[in-house]
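Below, chain A is the first sequence line, B the second, and so on; all start at residue 1.
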There are 2 protein chains.
Amino acid sequence: MSVDKRLAEARQLSQMLLDAAELSKNRFAQIAEEIGVPVHLARAICLLETAAPMTELASKLACDKSYITPLADQMEKLGLVDRVADAKDRRIKLLELTAKGRLVRERLGERVAQLSPVMVSLNASERAHLEKMLMQILNA
Amino acid sequence: MSVDKRLAEARQLSQMLLDAAELSKNRFAQIAEEIGVPVHLARAICLLETAAPMTELASKLACDKSYITPLADQMEKLGLVDRVADAKDRRIKLLELTAKGRLVRERLGERVAQLSPVMVSLNASERAHLEKMLMQILNA
DNA sequence: TATTGTTATACTCTATAACTATA
DNA sequence: TATAGTTATAGAGTATAACAATA
């Protein structure tokens, strides 16, 4: 295949990948708004299935720990999480969802399962295919 | 399928989509750096196959026109584009790649064709599959 | 000495609004 | 009156560096 054709295909496919990812993000933002939670808090809440140190959350969100402090402040203010002292290491504060936080997390989960573009647009076997190919891309 | 399972699958697949898109972006950034062009300029240069009004570039980059002015300034300073007066409408400035700009664009193209994750990881039929599924997602 | 979380600050990216020159 | 591009300014999102408490 010519360089030009390969380039055109690489461009198009990469752009579609970017667009699909953005669609997915936008859908999540819509869901968060529908539920009434700022989207950056919603992402964090999804990751707090079990209580976790703030540093661990920073690592999962791929951000600096200094970003977690105000984020935790906001979640606390909204009554979504508590800062809980760790039993063994007194430096550590665990972020633990409150009852309200768990409820929000559950609702987010339900709506994501219903509305996520990959779930809406693809059947089970197509999803399996997609997963396989994304895996190949990510492991290259 | 249970809500929990659907949620887990939606999460995983969406995350993989996001990760693959990010990998693609990072690869492009690497290529731009290798060639010695700031990545935001590289994106613009790729879109300037033919000379285009600044507003048109803004539309393609999905940004405000006020963002294009400093971007064009930088490209001009590096000798990659010229601001050319439009023959018919004197309000319009066309951004046109210089010889140097065209060379940079060509090099970017070659490297993208070689290194883009979708090209590296998938063969032609897999890419066709991926394209079909991304299309379904984007048209939902 | 290294690590957790906090604070103050600064930086990057991008948009908004007001402006000018044309149309 | 509307549009192309420019300018000044402001905001969102995030990081860096220094710090206190604890390990």
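Atom-to-atom, CD of B:Glu56 to P of D:dT3 comes out at 16 Å; the value is rounded to the nearest Å. For the pair A:Leu41 CG and D:dG13 P, the computed distance is 10 Å after rounding to whole Å.
Looking at heavy-atom distances under 4.0 Å, A:Asp64 makes contact with a base. Nucleic acid contact class of A:Pro53 (heavy atoms, under 4.0 Å, all strands): sugar-phosphate only. Note on A:Thr55: only backbone sugar-phosphate atoms sit closer than 4.0 angstrom, heavy atoms only; bases stay farther off.
For D:dT22, its base never sits under 3.5 Å from the side chain of A:Arg90 at any donor and acceptor pair. Contact of B:Ser66 with C:dT16 (side chain to base): a donor-acceptor pair of N or O atoms is detected under 3.5 Å.
If you check the side chains of B:Gln15 and B:Asp19, you find a donor sitting under 3.5 Å from an acceptor.
Regarding contacts with the backbone of C:dT14, a side-chain N or O of B:Tyr67 is found under 4.0 angstrom from either OP1 or OP2. Residue B:Arg83 has a polar side-chain atom (N or O) positioned under 4.0 Å from OP1 or OP2 of D:dT6. Close to D:dT6, at under 4.0 Å from its OP1 or OP2, lies a side-chain N or O of B:Lys93. For the pair B:Lys65 and D:dT3, the criterion of a side-chain N or O lying under 4.0 Å from OP1 or OP2 is not met.
Relative to the side chain of B:Arg91, the nucleotides C:dT16, D:dT3, C:dG5 differ in distance, and D:dT3 lies closest.
Take the nearest nucleotide of DNA chain C for A:Ile92 and for A:Pro70: the residue whose nucleotide is more 5' is A:Ile92. For A:Asp89 and A:Ala62, each mapped to the nucleotide of DNA chain D holding its nearest heavy atom, the one lying further toward the 5' end belongs to A:Ala62. Mapping B:Lys88 and A:Asp73 onto DNA chain C via the closest heavy atom, the residue that lands nearer the 5' end is A:Asp73.
With a 6.0 Å radius and a threshold of 12 heavy atoms from other residues, nucleotides or ligands, A:Glu33 has its CD atom at or below the threshold.
In this structure a side-chain-to-backbone donor-acceptor pair under 3.5 Å is present from A:Arg6 to B:Ala113.
Side-chain contact between B:Val84 and B:Lys93 is absent, with no heavy atoms from C-beta onward closer than 4.5 Å.
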